[in-house]
There are 2 protein chains.
Amino acid sequence: MTRTSSRLANDAWEALLTAHAALIKHLAADRIWHEVTMREYDVLYTLSKCDRPTRIGELNRNVLLSQPALSRLVERLAERGLIERSADPADGRGVRLSLTEAGRLQQRRVGGRHAVGVARAVAAELSEEEMRQLEAICRKLSGADRAAGPDRNDTATSEPEEVTT
Amino acid sequence: MTRTSSRLANDAWEALLTAHAALIKHLAADRIWHEVTMREYDVLYTLSKCDRPTRIGELNRNVLLSQPALSRLVERLAERGLIERSADPADGRGVRLSLTEAGRLQQRRVGGRHAVGVARAVAAELSEEEMRQLEAICRKLSGADRAAGPDRNDTATSEPEEVTT
DNA sequence: TTCAAGTAGATGCAAACGCATATACATCGG
DNA sequence: CCGATGTATATGCGTTTGCATCTACTTGAA
């Protein structure tokens, strides 16, 4: 690890953090978070990308929350009828989560409007080429290695967001 | 806003969010957050970059916390003797914050070790060219425009992190 | 089969958060 | 100079978070 490489890495990370904070704040100002908060949406969105019932632990790998916090967030969403919890037939300890129809609708409604805000904010600053580069670099940065398992099935079945508004 | 541009923007944003979450989790696992949490460090670090006493409101533009939460975090840090609050002579409402010597030491100690972790994590996945691109793109993305003020003095006096370990 | 060790999720509790609002000072028109 | 409006930070309060721990189930080896 050379001195200059370390410096480059830290500068890049700080820039990413700054951009993240700025965009989050900007997007949080959108008037679309009355019914679901950004964190709740994060869970709904993540679930919407899964074609089959998902374990809480699996969700927890994608969501930046402690396991107990996610567990309770899931509980609240279930009480609100947005997601469904069912026992895992293959593992008595596990809980499998899936969106209810209401949850799917809610996710689509909020997601559509949210996507507009994201597009506006990002496309206002970056060229299409830059957006592509950013995505590619961030994907590399997410590095399959972290997360320990070398055999991660990195949700190759992407189909990120539907702007069906 | 073309359909493809919107899609690119949303894909890029999702990739950024994913990378952010993955790195944060990875870095949070470093055993250096006993004395200051990541959020506390964020404040100490931000202050360390300011050569003169800084307003809470100004800090709040860089830190992803509500104003009341930041206000109380600052209070806790002050009680622990890491930062100092003083009245702003030019504005009776304002509070000016600055690191104490202990705060500066703490920031440097943690910062040095943190920077090692960042360097390891980032440089392990990206080439130097990619790090430079990521930084440049993220800086653009932070867009001086958001934040309303067109006359922001974007801390041009950078000198991000000292890896003096 | 049995039991020790491991893993998934839930729960108690104190700390921290966000929202609404209060307080104190600034600023500006009259 | 004075009140109306605006801004900076603090505080009350209900909600959410994280840490430690608990429970329930699985796994693997004797």
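Note that these values count all heavy atoms, side chains included, but never hydrogens, waters or copies made by symmetry. Below, chains carry the letters A, B, ... as their sequence lines are ordered, and counting in each starts from 1.
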Base-contact (B) and sugar-phosphate-only (S) positions in nucleotides 16-22 of chain D, heavy-atom cut-off under 4.0 Å, - elsewhere: SSBBB--
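- Using a cutoff of 4.0 Å between basic side-chain nitrogens and carboxylate oxygens, A:Glu79 and A:Arg72 are not scored as salt-bridged.
- In this entry the distance linking CZ of A:Arg96 with C1' of C:dA10 reads 19 Å, nearest Å.
- Following rounding to the nearest Å, B:Leu59 (CG) and D:dA8 (P) show an atom-to-atom distance of 14 Å.
- The separation between A:Met38 atom CE and C:dC19 atom C1' is 17 Å, rounded to whole Å.
- Each salt bridge (charged side-chain N to carboxylate O under 4.0 Å, His left out) pair with one or both residues in residues 84-107 of chain B, not counting sequence neighbours, appears once here: B:Arg55-B:Asp88, B:Arg55-B:Asp91, B:Asp91-B:Arg93.
- At least one donor-acceptor pair closer than 3.5 Å links the side chain of B:Thr100 to the backbone N or O of B:Leu82.
- Salt bridge A:Lys49/B:Glu14: present, at least one basic N to carboxylate O contact under 4.0 Å.
- Using a 4.0 Å heavy-atom cutoff across all strands shown, A:Asp91 reaches sugar-phosphate atoms only and no base atom.
- Taking atom CZ of B:Arg55 as the reference point, atom P of C:dC25 lies 13 Å away to the nearest angstrom.
- Rounded to an integer number of Å, the gap from CZ of A:Arg93 to P of D:dC25 is 10 Å.
- Distance NZ (A:Lys25) to C1' (C:dC17): 14 Å, rounded to an integer number of Å.
- Look at CG on B:Asn60: it is 13 Å from C1' on D:dA10, rounded to the nearest Å.
- We find the CG-CG distance between B:Asp42 and A:Leu17 to be 7.5 Å, quoted to the nearest 0.5 Å.
- Using a 30° and 60° split on the angle between ring planes, B:His114 and B:Tyr41 fall in the perpendicular class, above 60°.
- As a whole-Å value, the separation of A:Glu79 CD from D:dT15 P is 13 Å.
- At a threshold of 4.0 angstrom between heavy atoms, the contacts of A:Arg85 are confined to the sugar-phosphate backbone, with no base atom among them.
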